[in-house]
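Working notes, beginning with the structure itself.
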2 protein chains.
Amino acid sequence: MTERKLSSTNFYNQSYLEEKCALNELLSLLSKRWMTEVLFSIEEGNTRFTNLKEDLEHISDHILAERLKMLEQHELISKSYLPGNPPRTEYELTAKGIELSELLGGVCTFAENKMQF
Amino acid sequence: MTERKLSSTNFYNQSYLEEKCALNELLSLLSKRWMTEVLFSIEEGNTRFTNLKEDLEHISDHILAERLKMLEQHELISKSYLPGNPPRTEYELTAKGIELSELLGGVCTFAENKMQF
DNA sequence: AATTAGGCACTCATTAAATAGTTAGCATGA
DNA sequence: TCATGCTAACTATTTAATGAGTGCCTAATT
């Protein structure tokens, strides 16, 4: 994750909007590429890094790791280390994550039925 | 609006995700900076270009014009030309636009109550 | 009557900044 | 030595902002 330039109008406007309404913050998180796919893929039962990587065909390790970290930071998923042979990690949705993915389901239905792209 | 490079992985992945699920398309539209603010500002009764510009303090003409065009293309707002002295334009939400802004209201409540940023 | 000033609703060209992708590599333990 | 689950450095691409400028109209000034 590269540093942001804190003195730009670009950064200033983004911050202004995020403070004005939390929706902007959430949207800028969710709209990062692969973000919702990672969320849904975990929901569907892919709990391990390599699982997810296989499920999301074209994602790179780099981006997958970053997205997982972001989702964890926002407490939408939780991460646990399974002790053992090759140490494995497991990702799961939190209660918040489940709630969000249900909300997004509604938005998705709207997108599919009402929008034409 | 600058041209996209059609042969990049960047573009390819974006297209792949948009085809996979319409939610991705909608999110990438809505997450463009100022997009939801423009939508809500029209909803609150700001119908003219200059109104909107004043309401959304730091937006530039350029971006406002572009966002309005995008919202119109997706039939979330409609544009009418009021005949008269200085010819004026008027923007309004369509039925779809109203429905979307209600859905977003729900997401916004979630963002405000459940997420900590 | 002609010139000027000014608002509205934009567009265009350029530059700056943020985001995504690529390639390589690393630590751990079986 | 291999798989897992990553990280780092770099490049490519996309998105946002800036600043000037346009065409149309009206109202005021000279």
Side-chain angles (χ1 to χ4, degrees), chain A residues 1-18 24 27-35 37-38 46-54 56-72 77 79-91, chain B residues 1-18 24 27-35 37-38 46-54 56-72 77 79-91:
Chain A
M1 310 194 201
T2 34
E3 288 300 305
R4 296 197 67 154
K5 186 166 180 190
L6 303 180
S7 63
S8 62
T9 302
N10 194 329
F11 175 73
Y12 174 82
N13 280 348
Q14 181 68 27
S15 314
Y16 166 78
L17 290 172
E18 292 186 352
N24 288 315
L27 281 177
S28 92
L29 178 72
L30 292 178
S31 66
K32 289 191 191 305
R33 198 169 294 171
W34 302 102
M35 189 62 89
E37 300 300 324
V38 173
N46 298 297
T47 56
R48 306 244 319 287
F49 194 91
T50 325
N51 277 173
L52 291 164
K53 220 178 108 164
E54 281 164 16
L56 307 171
E57 291 185 68
H58 306 291
I59 201 173
S60 69
D61 291 16
H62 177 78
I63 295 291
L64 178 55
E66 200 172 282
R67 295 305 179 251
L68 287 169
K69 198 175 290 177
M70 286 177 168
L71 287 169
E72 198 197 349
I77 63 174
K79 177 177 182 176
S80 31
Y81 298 89
L82 305 180
N85 332 26
R88 294 151 190 285
T89 50
E90 200 177 56
Y91 295 96
Chain B
M1 308 197 202
T2 32
E3 289 300 304
R4 293 197 69 155
K5 185 165 181 189
L6 303 180
S7 63
S8 62
T9 303
N10 195 329
F11 175 73
Y12 173 82
N13 280 347
Q14 181 67 27
S15 314
Y16 165 77
L17 290 171
E18 292 186 352
N24 288 316
L27 281 178
S28 92
L29 178 72
L30 291 177
S31 67
K32 286 189 192 307
R33 200 169 293 173
W34 301 102
M35 190 62 91
E37 299 299 324
V38 173
N46 299 296
T47 56
R48 306 242 320 287
F49 192 90
T50 326
N51 277 173
L52 290 165
K53 217 179 113 163
E54 281 164 17
L56 306 171
E57 291 183 69
H58 306 292
I59 201 173
S60 68
D61 291 18
H62 177 78
I63 295 291
L64 178 54
E66 202 172 282
R67 295 305 179 253
L68 287 169
K69 198 174 290 173
M70 287 177 164
L71 287 169
E72 200 198 346
I77 62 173
K79 178 177 182 175
S80 30
Y81 297 90
L82 305 180
N85 334 22
R88 292 152 190 287
T89 50
E90 199 177 57
Y91 296 97

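Lettering follows sequence order; numbering is per chain, from 1.
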Original post:
How far apart are the C-alpha atoms of K32(A) and E66(A), what are their side-chain angles, what is the distance that settles it, and do they pass the side-chain contact (heavy atoms from CB on, under 4.5 Å) test?
Top reply: CA-CA 10 Å; K32(A) 289 191 191 305; E66(A) 200 172 282; 5.9 Å; no
[X] near the nucleic acid: base, sugar-phosphate alone, or nothing, with a heavy-atom cut-off under 4.0 Å?
X	answer
K32(B)	sugar-phosphate
Y12(A)	nothing
Y81(A)	nothing
T50(B)	sugar-phosphate

Nearest-neighbour nucleotide for the [X] side chain, [options] considered:
X	options	answer
I63(B)	dA17(D), dT22(C), dA18(C)	dA17(D)
F49(B)	dA17(D), dG21(C), dC10(C)	dC10(C)
R33(B)	dT11(C), dG21(C), dA17(D)	dA17(D)
D61(A)	dT19(C), dG5(D), dC6(D)	dC6(D)
A65(A)	dT7(D), dT14(D), dA17(D)	dT7(D)
K5(A)	dT22(C), dA17(C), dC10(C)	dA17(C)

Would you indicate, yes or no, if [N] has its OP1 or OP2 atom less than 4.0 angstrom from a side-chain nitrogen or oxygen of [X]?
X	N	answer
K79(B)	dA9(C)	no
N13(A)	dA17(D)	yes
R4(A)	dA18(C)	yes
T9(B)	dT22(C)	yes
Y91(B)	dC10(C)	yes
R88(A)	dA3(D)	no
W34(A)	dG21(C)	yes
S8(B)	dA20(C)	no
K53(A)	dT4(D)	no
T89(A)	dC6(D)	yes
R48(A)	dT4(D)	no

Original post:
Do E54(A) and N46(A) have side-chain N/O donor and acceptor atoms under 3.5 Å apart?
Top reply: no
Separation of atom [atom1] in [X] from atom [atom2] in [N], rounded to whole Å:
X	N	atom1	atom2	answer
N10(A)	dT14(D)	CG	P	17 Å
L52(B)	dC8(C)	CG	P	13 Å
Q14(B)	dT19(C)	CD	C1'	11 Å
L56(B)	dA17(D)	CG	P	12 Å
L64(A)	dG5(D)	CG	P	10 Å
L68(A)	dG5(D)	CG	P	11 Å
E54(B)	dG7(C)	CD	P	11 Å
E57(A)	dG21(C)	CD	C1'	17 Å

**OP:** Measure across F49(A) and L64(A) and return the closest heavy-atom pair with its distance rounded to 0.1 Å.
**Re:** O-CD2, 3.6 Å
Original post:
Parallel, tilted or perpendicular for H58(B) and Y16(A), by the 30°/60° rule?
Top reply: perpendicular
Original post:
Is any side-chain heavy atom of R33(B) less than 4.5 Å from a side-chain heavy atom of N13(A)?
Top reply: yes
Original post:
With distance as the sole criterion, do the side chain of H62(B) and the base of dC12(C) form a donor-acceptor contact below 3.5 Å?
Top reply: yes
**OP:** Show your reasoning for whether side-chain contact (heavy atoms from CB on, under 4.5 Å) applies to L17(B) and E37(A).
**Re:** CA-CA 8 Å; L17(B) 290 171; E37(A) 300 300 324; 3.5 Å; yes
Original post:
On DNA chain C, nearest-nucleotide positions of I59(A) versus L6(A): which is more 5'?
Top reply: L6(A)
**OP:** Can you spot which of T47(B), L68(B), V38(B) makes a side chain to side chain contact (heavy atoms under 4.5 Å, CB included) with I77(B)?
**Re:** L68(B)
